[in-house]
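These notes concern the structure reproduced below.
Here the structure is a predicted model, which is why all the values come from computation and not from measurement. One is the number of the first residue; the rest follow in order along the sequence.
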Amino acid sequence: MVRRGLVVERHRRHVTVEDDSGARWLCGTANRRLQPIVADDVHWRLEPDGTGVVTEVLERRTILTRIDSRGRCELVAANLTQLVVVVAPVPEPDWLVVDRYLVAAELAGLSALVVMNKADLAEPPVDHLDCYRRAGYPVHVTSVTDGLGMAALARALRGERSALVGQSGVGKSSLLNALLGDEVQDTGGLAKGAHGRHTTSSAVLYRLASGGELVDSPGVRAYAPYIEEPGSIQKGFPEFRELIDRCRFDDCRHLAEPDCAVKEALEAGEICKRRYDSYLRLYELVKTLIPRW
Ligand SMILES: Nc1nc2c(ncn2[C@@H]2O[C@H](COP(=O)(O)OP(=O)(O)OP(=O)(O)O)[C@@H](O)[C@H]2O)c(=O)[nH]1
Ligand SMILES: [Mg+2]
Ligand SMILES: [Zn+2]
């Protein structure tokens, strides 16, 4: 009998599949071509020995990708509707990583929000957060320690399937536990993160009582979405969008072309220099990783 299920966790060789009744099954895959990832809808069957086998991965509505160390496309999660990019005063924010996640969200068709966590430790960096607000992203200032902003964050997650992403140690699992009201995910000290060891090692999907589903994912040191086509990077920056049509050249890359509306807006202070720099650096990165450019 073919059953339907939802992948709630991916392990090295297996996945955990949740069936319609909420029961969870450890499943292998019927063949090596099948690569189920977290939040995939799958068909699977139960073997006589009580283990499951995934026989089909159903069509994905959205896909979050990353470039692996060899420049290849790696799939992170499927069927998300929203990305929650978390930063904190410690570890020191890498805004490039934030921007790249936001590009990933735009290109994957996901909504996105920025969460400045650990607000109990330091005043929020107003300039940086303003950059995101001006680009159209909701910004949430939270503290797991004293509960600041948690109710508003829960509301923003309602009805969405979101993933918590960001550097290791910013408090993704802590936010998840607080939202669930339960210590389901291990959380770690900063010392671990500083030495490159991550507390969370695989992406796991949870259901929130307040509505919505939330994927906790391992922290990253660096991140870039997989991008095949150079011209698409600009679409990852919503504040460029209205300007692009006003550039003199249809294929303007907004680098050194004359009459570039993006560079004019930059000079006029209408778009943040830091966001523009992130655009340049992502452009350069993808150019080196995908040599056929
Ligand atoms: N002061 C303060 N500490 C926090 C807050 N949120 C999380 N922490 C602490 O930050 C540390 C890292 O938290 P985690 O939730 O494990 O971070 P993570 O983002 O899940 O890390 P990885 O799983 O490695 O990606 C833990 O020691 C938490 O207790 C907060 O709002 N305020
Ligand atoms: Mg974690
Ligand atoms: Zn231009």
Side-chain angles (χ1 to χ4, degrees), residues 1-84 101 104-105 107-111 157 159-166 168 172-173 176-177 179-180 182 184-186 198-209 211-220 223-228:
M1 189 183 75
V2 177
R3 299 161 186 251
R4 258 192 89 117
L6 173 70
V7 174
V8 293
E9 185 170 4
R10 178 179 170 179
H11 316 276
R12 206 174 289 266
R13 285 209 184 83
H14 295 82
V15 288
T16 303
V17 172
E18 193 181 86
D19 68 18
D20 290 339
S21 73
R24 296 185 164 205
W25 306 85
L26 193 63
C27 293
T29 51
N31 64 62
R32 289 162 123 239
R33 282 196 319 272
L34 286 174
Q35 300 275 349
I37 54 176
V38 115
D40 259 330
D41 294 312
V42 295
H43 282 161
W44 64 286
R45 63 165 190 264
L46 195 59
E47 298 286 75
D49 66 1
T51 61
V53 177
V54 171
T55 54
E56 191 181 351
V57 174
L58 304 186
E59 195 183 338
R60 292 167 173 144
R61 297 180 292 284
T62 64
I63 306 178
L64 179 67
T65 62
R66 62 178 298 150
I67 304 182
D68 76 7
S69 54
R70 296 196 218 159
R72 293 174 312 191
C73 180
E74 192 181 305
L75 307 182
V76 179
N79 303 322
L80 300 174
T81 65
Q82 181 165 266
L83 216 54
V84 178
Y101 272 118
L107 299 185
L110 314 179
S111 57
L157 303 180
E160 304 279 347
R161 180 180 282 164
S162 313
L164 293 161
V165 295
S168 189
K172 298 179 294 299
S173 300
L176 178 101
N177 288 342
L179 289 160
L180 284 172
D182 197 1
V184 290
Q185 285 283 79
D186 284 343
H198 301 189
T199 305
T200 306
S201 59
S202 64
V204 191
L205 182 142
Y206 293 92
R207 296 179 196 283
L208 301 172
E213 293 161 4
L214 190 54
V215 174
D216 186 18
S217 70
V220 296
Y223 170 81
Y226 184 77
I227 293 169
E228 272 183 330

(message) Is the shortest side-chain heavy-atom distance between Val165 and Leu83 below 4.5 Å?
(response) yes
(request) Could you walk me through whether Met1 and Leu46 pass the side chain to side chain contact (heavy atoms under 4.5 Å, CB included) test, one step at a time? (result) CA-CA 8 Å; Met1 189 183 75; Leu46 195 59; over 6 Å; no
(request) Go through the steps to decide whether Arg161 and Leu205 satisfy the test side chain to side chain contact (heavy atoms under 4.5 Å, CB included), and finish with yes or no. (result) CA-CA 9 Å; Arg161 180 180 282 164; Leu205 182 142; 3.9 Å; yes
For residues 60-68, please give each side-chain donor-acceptor pair under 3.5 Å, one per line with the distance, not counting sequence neighbours.
| from | atom 1 | to | atom 2 | distance (Å) |
| --- | --- | --- | --- | --- |
| Arg60 | NE | Asp40 | OD1 | 2.8 |
| Arg60 | NE | Asp40 | OD2 | 3.4 |
| Arg60 | NH2 | Gln35 | O | 3.1 |
| Arg60 | NH2 | Asp40 | OD2 | 2.8 |
| Arg61 | NH1 | Asp41 | OD2 | 3.2 |
| Thr62 | OG1 | Asn79 | N | 3.3 |
| Thr62 | OG1 | Leu80 | N | 2.9 |
| Thr62 | OG1 | Leu80 | O | 2.8 |
| Thr65 | OG1 | Tyr226 | N | 3.1 |
| Arg66 | NH2 | Ala222 | O | 3.4 |
| Asp68 | OD1 | Arg70 | N | 2.8 |
| Asp68 | OD1 | Gly71 | N | 3.1 |
| Asp68 | OD1 | Arg72 | N | 2.9 |
| Asp68 | OD2 | Arg72 | NE | 3.2 |
| Asp68 | OD2 | Arg72 | NH2 | 3.2 |

(request) Indicate the atoms forming the closest heavy-atom contact of Ser111 with Ala105, along with that distance. (result) O-CB, 4.4 Å
(message) Nearest 0.5 Å, please: how far is CG in Leu208 from CG in Leu176?
(response) 7.0 Å
(request) Kindly give the heavy-atom pair with the smallest separation between Asp216 and Lys172, and that separation in Å. (result) OD1-CB, 3.6 Å
(message) Let me confirm one number: the CG-CD distance from Leu214 to Glu160, rounded to the nearest 0.5 Å.
(response) 11.5 Å
(request) Might you point out which heavy atoms bring Ala203 and Val38 nearest each other, and give the distance in Å? (result) O-CG2, 3.3 Å
(message) Once you measure the plane-to-plane angle for Trp44 and Trp25, does it fall in the parallel (<30°), tilted (30-60°) or perpendicular (>60°) bin?
(response) tilted
(request) Quick one: pull up CZ in Arg45 and CD in Glu56 and give me the separation to the nearest 0.5 Å. (result) 12.5 Å
(message) Please give me the minimum heavy-atom distance between Ser162 and Val84, naming the atom from each residue.
(response) CB-CG2, 3.9 Å
(message) Please enumerate all residues that pass salt bridge (charged side-chain N to carboxylate O under 4.0 Å, His left out) together with Arg24, with sequence neighbours excluded.
(response) Glu18
(request) Answer with yes or no whether the side chains of His11 and Ser202 bring together a donor and an acceptor at under 3.5 Å. (result) no
(request) Return the minimal non-hydrogen interatomic distance between Ala78 and Ala39, and the atom names on each side. (result) O-CB, 3.0 Å
(request) Hey, could you give me the CG/CD distance between Leu164 and Gln82, rounded to the nearest 0.5 Å? (result) 10.0 Å
(request) List the steps, then state whether side chain to side chain contact (heavy atoms under 4.5 Å, CB included) holds for Gln185 with Leu180. (result) CA-CA 10 Å; Gln185 285 283 79; Leu180 284 172; over 6 Å; no
(message) Quick one, Arg3 and His43 - any side-chain contact, counting heavy atoms below 4.5 Å?
(response) no
(message) Testing the basics here: between Thr16 and Leu26, what is the closest heavy-atom pair and its distance to 0.1 Å?
(response) OG1-CD1, 4.1 Å
(request) Evaluate the side chain to side chain contact (heavy atoms under 4.5 Å, CB included) criterion for residues Val220 and Tyr101: first the C-alpha distance (whole Å), next the side-chain angles of each, then the deciding distance (0.1 Å), finally the verdict. (result) CA-CA 11 Å; Val220 296; Tyr101 272 118; 3.4 Å; yes
